[in-house]
Structure formats: structure tokens, C-alpha cells
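Beneath this line is the structure, given in C-alpha cells, with notes to follow.
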Amino acid sequence: VDDLTLSDYVKRSKDRILGSLVDWLTIPSISADPAHAGDVGASAEFCADLLRSAGIQNVETLSAGGVPAVYGDWLGAGSMAPTVLVYGHHDVQPVDPLDEWTSPPFEPVVEGGRLLARGASDDKGQVMMQIEAARGLLGALGHLPVNLKFLIEGEEEVGSPHLDELLDKDRGRLAADVIVVSDSNMLAPDLPTTTISTRGLVAFDVTIRTAKSDLHSGIWGGTVPNAALVAARLAASLHDSDHRVTVPGFYQRVRELTRQEAQSLADTPFDEIEFCRQAGVKELVGEAGRSPYERTGTRPTAEVVGLHSGYGGPGMKTIVPATANLKIAARLVPEQSTEEVEASFCQWLSEQAPSYAEVSVKTVGGVAPLLTPIDHPAVRILCEAMENVWGKKPLFTRSGGSGPEEGLGRILEAPVIFLGVGLPEDNYHAPNERLELEQLWKGITAAGELVLGLRAVKDN
Ligand SMILES: [Zn+2]
């Protein structure tokens, strides 16, 4: 494809872009580890310099109490033109187990067209893609047809604890007509896909007590309640034999797919044997009558993530356990709300728990699900940009995970679209994270096409 605005720019800039990305990737910006706070700061400064050198203005670091995010904008298109906010992050996941890396995580190497380093695809490479698209367009055209803003977070890998506050505080400066997220993947290099939804998340930490302390099983066993048994019964009754969640009302607000969404999902190839191999499981289980992609992206789940009670040490101990802990995490889909699911779960729990057990629940977290309407003009423009570069219309996928995108859309009141060029085999969050360089080059061209296309987003 040679008639795309940035294809020549990308061809002659590969060495420089790669060199610059490699320099950035040597900074171990691990947000989860306080010992690396200085590195996250250095990574923010590096990102700020990248933005400035690309022609982005008003660059500064923003913080709402945590490690810094980087902001910058180019507002030369005027108030009548649309405004686009690009979101990504510059912090990275921890690197252990270190001995599984084939080369040190912060000494990037290129092997067989892939760049290996922590952060290569999640997310410094994808942020670089967006910054280079802006640099290329500003260099070629001297201006942009839209106002462009960047928000590059430094705490995404620890759950974005200050992002909502930061968005709220700087709502005016961050205001946009469209939010473009580049922190996601497509299913394969020859199978362009775009995410249209992320799931919500709410979790419950359930404590069960049936006696003051553990009791001798010879003296008391057979007459007193057993906390381990209560927890096991609760865990076992969370799903029916069709693997459907039994909490009344759990599925009530789940929105059925539109025809276009269902078609896109049906057209997405799925290799069950490979899926099982990657997960290391013998076979798949899950909600009856739903395909695996439906179950991971479009249906809510409630997983038992922990079940602890009694004696787990070597050998045996003859007790009746007095306490148990049960942890359950629910992934939510549009239009479920964390509050309603919490209320239904607590009601279910109080009905299920026997009268002899003291049961208390602590709700942990609470992220709402996000859904981008696929008939929004920004989605159509994104699909055209991707088709121009990858030669195929992208399919729509729903991410099973939960992320900061929901807060971006909710607080800034704008649709969120996903231009992500990571691949499933990029080893996100795992040893040997990598970035397929061809995806980066195509991504820069596509990001440029997208910015040009979005000039029309308000006219539709
Ligand atoms: Zn990420």
C-alpha cells in the first residue's frame, strides 16, 4: 500500500523509530514496585520528550497522587474541528520469573522481525506508534485536521488507582469527541480486529465462621457445624449443571448481541485444540449453549478465585474447622451494574448460608463494563483506516478483561475506540514479551489514516 499518507515516512524512519523505542524500553518503569518509582518518572520524562520532539505542544506530566501520567496536545485545528484524545500507558508489568526470559527484559533485542523487551507491545510500542503517526503527519502536512491530545498513564499496570480522579480534575483540558485507545491486540497479523467492549469487574471476599475456634473432631465431630463444608457448599451452588450462575437476577440486564455483532463473532475463527493447549487444560467447560468467544467476551462470569479452610499443612490434623474464606470474582458485561450485582450476590448469600454460620462479605473493587456502539461514525472511520492498511475489514471482538477505558469514556463522555496492534502471542505480562515490528509499521500508517479520517467524525 503506497498511496497512504504515512507509508513513505514509515519506510525511511524505521531505524530512527526503532532506536528510540529501544532506548525507552531500557527504562524499567515497573509501577507495581516502589523501588522503580524513579524509573517510572524517567519513563514519563522520556515520553514527554518524544511528544515534544514530534511537534506536540503543552507537554507536561500530570499526577493525582500517584506516579506521573504524560499529557500533551496539538490544538491548531480550531474549535470547530473534532478533538481526539489518544490514551496509552508507559508503565510496565514486573518481570519475574526472570530465568524464563531468553534475554534480559530491559535489554531489548530484535530477533526475526520481533522486538523482545518488557513493554515492547504493552504498551510503549503502541504509544510510540501513535506518537510517530502524529510526528509523520505534522512533518508531511504541517498541520492536523483534528485537535490531538495525548494522555499516557503511568499506573495502568496497577489498576489505574488515580485515573478517575485525574480525569475528573482535568476534565476540561482532556475533553474530546473521540478517545482512541492503543493498548490492545488483534487476533492475528492477517486478521485485523478491533475491541468494542471491555468487561466490568466486582469481587467478593466472604468470611464464614461456625464456632469460636477449631474443634476436636473426635469429641465434637458429628454434632457441630463445619465451616469448610459451608464454604464448599456455597462454592458448589454458585453454578448449576449448565454452568450458569445461580444468583437470581444475575443475567437480567445482560444485553443480547446485535445481528452485526453476532455475525462478527461467528466469523471470528476459533481453534479449540490450540486454545486448550495455550491454557494447558484438557477440555473447555462453561455456560451451555454459548461459544467460547461468547463466554469470554459477551457473557458475565462468576469465578471462585479462592477457597480456604481448615488444615492444609503436612500430614493430618483431626479438627472441625471453625472458619473459612471464599473469594468470588464476577466479570460483568453491558448493561450490568456492579451495584446491582453486589446486591443480588449478597441476597443470594444470605439465603444460601445456613442459620448456624456467621457470614460476612467485603466487596472488592468495582469496574463497570464498557461497550462502544459499533454504529458510531468513529468506529466506521477506524474500520476504514484499518482496512486501508491490513487489506481487510476488521472484525469486532469483545475483551474479556477490565481496564481504564470505561472510566475514560464515562468521565470524558466520549466514545472509546481501539486501535491495537499487539498479538495474542506477544506474551503480555509474561516472560519474553515481544512486538512484531511489521505490526508497528502498519500501526503507524493506520494511526495516521485514523487521524485524517476522524476530521469527519462530527459531520456524521
Ligand atoms: Zn497495557
Side-chain angles (χ1 to χ4, degrees), residues 21 24-25 27-33 36 39-40 43-44 46-47 50 66-71 85-96 105-106 108 114-132 150-164 166-167 179-187 193-201 296-297 331 365 367 369-370 372 397-409 416-436 439-440 443-444 447:
L21 179 55
W24 196 8
L25 289 168
I27 304 173
S29 50
I30 304 170
S31 51
D33 184 351
H36 284 286
D39 294 317
V40 184
S43 166
F46 191 99
C47 179
L50 278 178
V67 293
V70 184
Y71 173 82
L85 174 72
V86 170
Y87 169 87
H89 62 91
H90 66 87
D91 61 325
V92 301
Q93 280 277 316
V95 292
D96 44 303
F106 298 108
R114 297 182 184 120
L115 177 60
L116 257 93
R118 171 58 88 228
S121 51
D122 182 17
D123 183 37
K124 285 172 180 163
Q126 299 197 53
V127 172
M128 182 63 93
M129 162 188 110
Q130 288 287 355
I131 296 175
E132 283 305 321
F150 284 85
L151 178 64
I152 311 302
E153 208 199 338
E155 293 185 303
E156 198 274 344
E157 299 293 8
V158 288
S160 305
H162 301 94
L163 183 63
D164 278 14
L166 190 149
L167 294 172
I179 298 161
V180 179
V181 171
S182 283
D183 182 22
S184 58
N185 58 16
M186 52 178 66
L187 284 178
T193 54
T194 181
T195 306
I196 54 159
S197 143
T198 57
R199 290 199 288 186
L201 176 64
T296 58
R331 296 279 180 174
V367 180
L370 165 81
T372 304
T397 56
R398 285 178 172 228
S399 161
S402 312
E405 294 83 5
E406 185 276 332
L408 286 164
V416 181
I417 60 174
F418 295 78
L419 176 59
V421 298
L423 295 171
E425 57 273 28
D426 279 350
N427 299 322
Y428 274 40
H429 299 194
N432 304 314
E433 179 178 344
R434 65 197 205 188
L435 171 70
E436 193 81 41
Q439 286 287 96
L440 172 64
I444 296 170

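Just so you know, ligand 1 is whichever comes first in the structure, and atom 1 is the first atom listed for that ligand. Treat the numbers as computed from the prediction; the structure is a model and nothing was measured. The chain is numbered in sequence order, starting from 1.
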Contact check, side chains of Arg199 and Arg398, non-hydrogen atoms, under 4.5 Å: no

Any side-chain to backbone donor/acceptor pair from [X] onto [Y]? Under 3.5 Å, distance only.
{"X": "Asp123", "Y": "Gly88", "value": "no"}
{"X": "Gln126", "Y": "Ser184", "value": "yes"}
{"X": "Glu433", "Y": "Gly119", "value": "yes"}

Residue and atom names of protein N/O/S atoms that fall under 2.8 Å from the Zn ion (ligand 1): His89 NE2, Asp122 OD1, Asp183 OD1, Asp183 OD2

Do Ser182 and Gln130 pair up side chain to side chain, a donor and an acceptor below 3.5 Å, judged on atom types alone? yes

Given the rule in the side-chain hydrogen bond (donor to acceptor under 3.5 Å, both in side chains) test, do Ser43 and His90 qualify, once you have shown the distances and angles that lead to the verdict? CA-CA 7 Å; Ser43 166; His90 66 87; 2.9 Å; yes

